[in-house]
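A, B, ... follow the sequence lines: proteins, then strands. Residue 1 opens every chain. Atoms considered below: every heavy atom in the structure, side chains included; atoms not considered: hydrogens, waters and symmetry mates.
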There are 2 protein chains.
Amino acid sequence: MAERRALERYPRPSVAVDAAVLTLDASGRSLLVLEVRRAESPGWALPGTFLHEGETLADAVRRALLDKAGVEGLAPRQLHVFDAPGRDDRGWVLSVAHVAVVRPEHLEGAFRDRTRLTPVDRPGRLPWDHADIIGLAVDDLRERYREKADPDGLLGDTFTLSELRHAHEAVSGRRILRDAFARGMLRRELIESTGEAAEGGRGRPAEMFRRT
Amino acid sequence: MAERRALERYPRPSVAVDAAVLTLDASGRSLLVLEVRRAESPGWALPGTFLHEGETLADAVRRALLDKAGVEGLAPRQLHVFDAPGRDDRGWVLSVAHVAVVRPEHLEGAFRDRTRLTPVDRPGRLPWDHADIIGLAVDDLRERYREKADPDGLLGDTFTLSELRHAHEAVSGRRILRDAFARGMLRRELIESTGEAAEGGRGRPAEMFRRT
DNA sequence: GTAATAGTGTCTATTAGACACTATTCG
DNA sequence: CGAATAGTGTCTAATAGACACTATTAC
């Protein structure tokens with residue numbers, strides 16, 4: 001194929017993917033980001049890999065997370081392509097940043113010795129553009145959570161209004177009023193009651209809700 | 001450099017850029033997208049090119065627009081990477097979609113015989129993912145215009161409230177109330193009066209405003 | 001004058017924010 | 001019982017939507 005050969009005469013970049021995988025801490029009130037041990041050098045980084053032929057970017061992100069962190073079942077979304085020439089001293093490398101969200105329970109099977117969770121607002125020292133990626137990831141979630149009830153599933157299918165509000169507070173980084181939040185969610189019909197009651201709390205049992 | 005050689009042993013994709021360049025029609029009430037004649041085959045497409053080594057994606061978009069449409073001075077923003085294997089029969093090609101906005105006056109120097117402007121809501125038949133790119137471009141503008149006064153400069157530095165409202169109507173695709181729009185813009189201090197008055201209209205001359 | 005466009009006063013319905021009160025559970 | 005958490009009634013301030021009226025120009 002002549003056209004194909006013509007394309008291949010020009011230099012092409014390597015394409016990498018990196019992902020900020022966000023989850024909630026044990027209190028359900030703070031956002032954490034998953035970091036993995038670097039292979040080449042000491043320290044931590046966001047999970048990433050190089051794109052293989054015949055693979056989508058989302059597939060590459062899923063492969064990186066399975067191989068490097070032992071985490072499955074993510075739905076990564078693209079955020080941005082980092083393209084500065086010279087950003088990677090290994091050569092011409094573009095990196096496509098992604099965000100993905102997991103429930104904390106879903107990280108229980110992760111490789112404990114090779115992964116750690118860091119609060120998004122107190123990031124460690126990360127290589128390349130990884131600190132920027134976390135910022136973009138949080139901004140992306142902030143936009144998505146503004147008009148919907150936990151659209152990315154930090155919580156399970158059912159939850160109390162307090163759990164939902166704490167998740168939204170973690171994402172937005174601001175305090176949210178208890179009564180205005182509950183009324184807003186119900187008025188806009190973003191959630192509906194399951195009829196069940198929560199168990200194990202200290203005070204009056206909360207009603208359980210699901211997304212509509 | 002051993003690492004560099006290691007990277008180059010794996011297949012790498014060609015990386016293309018495509019841009020939806022949006023502007024206003026003569027009435028200032030409809031969004032148009034710039035299309036260029038295809039080089040390889042008859043018909044029209046969004047302007048695009050292949051990324052060269054040592055160049056950023058935004059630079060590649062600017063080069064494509066200068067070469068193919070004769071348009072300068074754009075600030076393209078990334079929208080999405082189209083990555084489906086097999087989307088381009090010339091080989092393994094990723095395409096990074098961009099959006100850019102220009103004032104209509106700025107297109108006067110464009111190559112007339114090689115370019116045309118099409119309403120975004122009545123797109124022609126376009127190759128690859130170009131119809132999707134226009135949709136993403138309009139969605140991106142819609143989000144950006146929700147909280148600001150013409151942030152991307154469809155209008156010049158000064159404008160009347162009617163011009164601004166028509167631009168926002170073109171972007172949002174909805175009718176906007178004259179009085180609520182004016183009060184909202186002024187209350188939120190997104191614009192301020194220049195003290196000047198518009199010329200050439202039919203009725204009472206409008207006040208000119210600028211972005212704050 | 002009329003037609004056209006711009007600017008603004010005012011009423012109402014909706015909503016967020018604030019506060020307070022009641023409800024239900026544990027220990 | 002008190003402590004803790006959940007749910008809701010109600011007041012107020014801010015805001016969008018709707019309508020109407022006035023203002024200023026061209027003709």
| Would you call A:E55-A:R63 a salt bridge at under 4.0 Å N-O? | yes

| query | Across the strands shown, which category fits A:R183 at heavy-atom distances under 4.0 angstrom: base, sugar-phosphate, nothing? | reply | base

| task | Examine D:dA14: is either OP1 or OP2 under 4.0 Å from a nitrogen or oxygen in the side chain of B:R187? Give yes or no. | result | no

| message | What is the separation between atom CD on A:E199 and atom P on D:dT5, rounded to the nearest whole Å? | response | 18 Å

| request: Take the protein atom CZ of A:R202 and the nucleotide atom C1' of C:dT25, then report the distance between them rounded to whole Å. | output: 12 Å

| query | Using a cut-off of 4.0 Å on non-hydrogen atoms, how would the nucleic acid contact of B:T160 be classed: base, sugar-phosphate, or nothing? | reply | nothing

| query | Taking atom C1' of D:dA23 as reference, at what distance in whole Å does atom CD of B:E207 sit? | reply | 13 Å

| Taking 4.0 angstrom as the limit, do A:R37 and A:D113 come out as a salt bridge? | no

| When you match B:R188 and A:F209 each to their closest nucleotide on DNA chain D, which lands nearer the 5' end? | A:F209

| said: Just the rounded figure in Å: distance from C1' of C:dA18 to CD1 of A:I176. | reply: 16 Å

| field | Euclidean distance, atom CZ of residue B:R178 to atom P of C:dA4 [Å, nearest integer] | value | 14 Å

| query | Atom CG of A:D179 and atom P of C:dA16: how far apart are they, to the nearest Å? | reply | 11 Å

| Taking atom C1' of C:dT5 as reference, at what distance in whole Å does atom CZ of B:R29 sit? | 11 Å

| Reckon A:S162 has a side-chain N or O less than 4.0 Å from the OP1 or OP2 of D:dT5? | no

| Nearest to the side chain of A:A180, which nucleotide is it out of D:dA18, C:dA16, C:dT24? | C:dA16

| said: Assuming nearest nucleotide by heavy-atom distance, tell me which of A:A182 and A:G203 is located more 5' along DNA chain D. | reply: A:G203

| Residue that, paired with B:R144, satisfies side chain to side chain donor-acceptor pair (under 3.5 Å) out of B:D152, B:D139, B:D150 | B:D152

| query | Considering all heavy atoms of both residues, which atom of A:R165 and which atom of A:I176 are nearest to each other, and what is their separation? | reply | CD-O, 3.6 Å

| message | How about CZ on A:R29, more than 12 heavy atoms from neighbouring residues, nucleotides or ligands closer than 6.0 Å, or not? | response | no

| Can you check the B:I191 CD1 to C:dG7 P distance for me, whole Å? | 10 Å

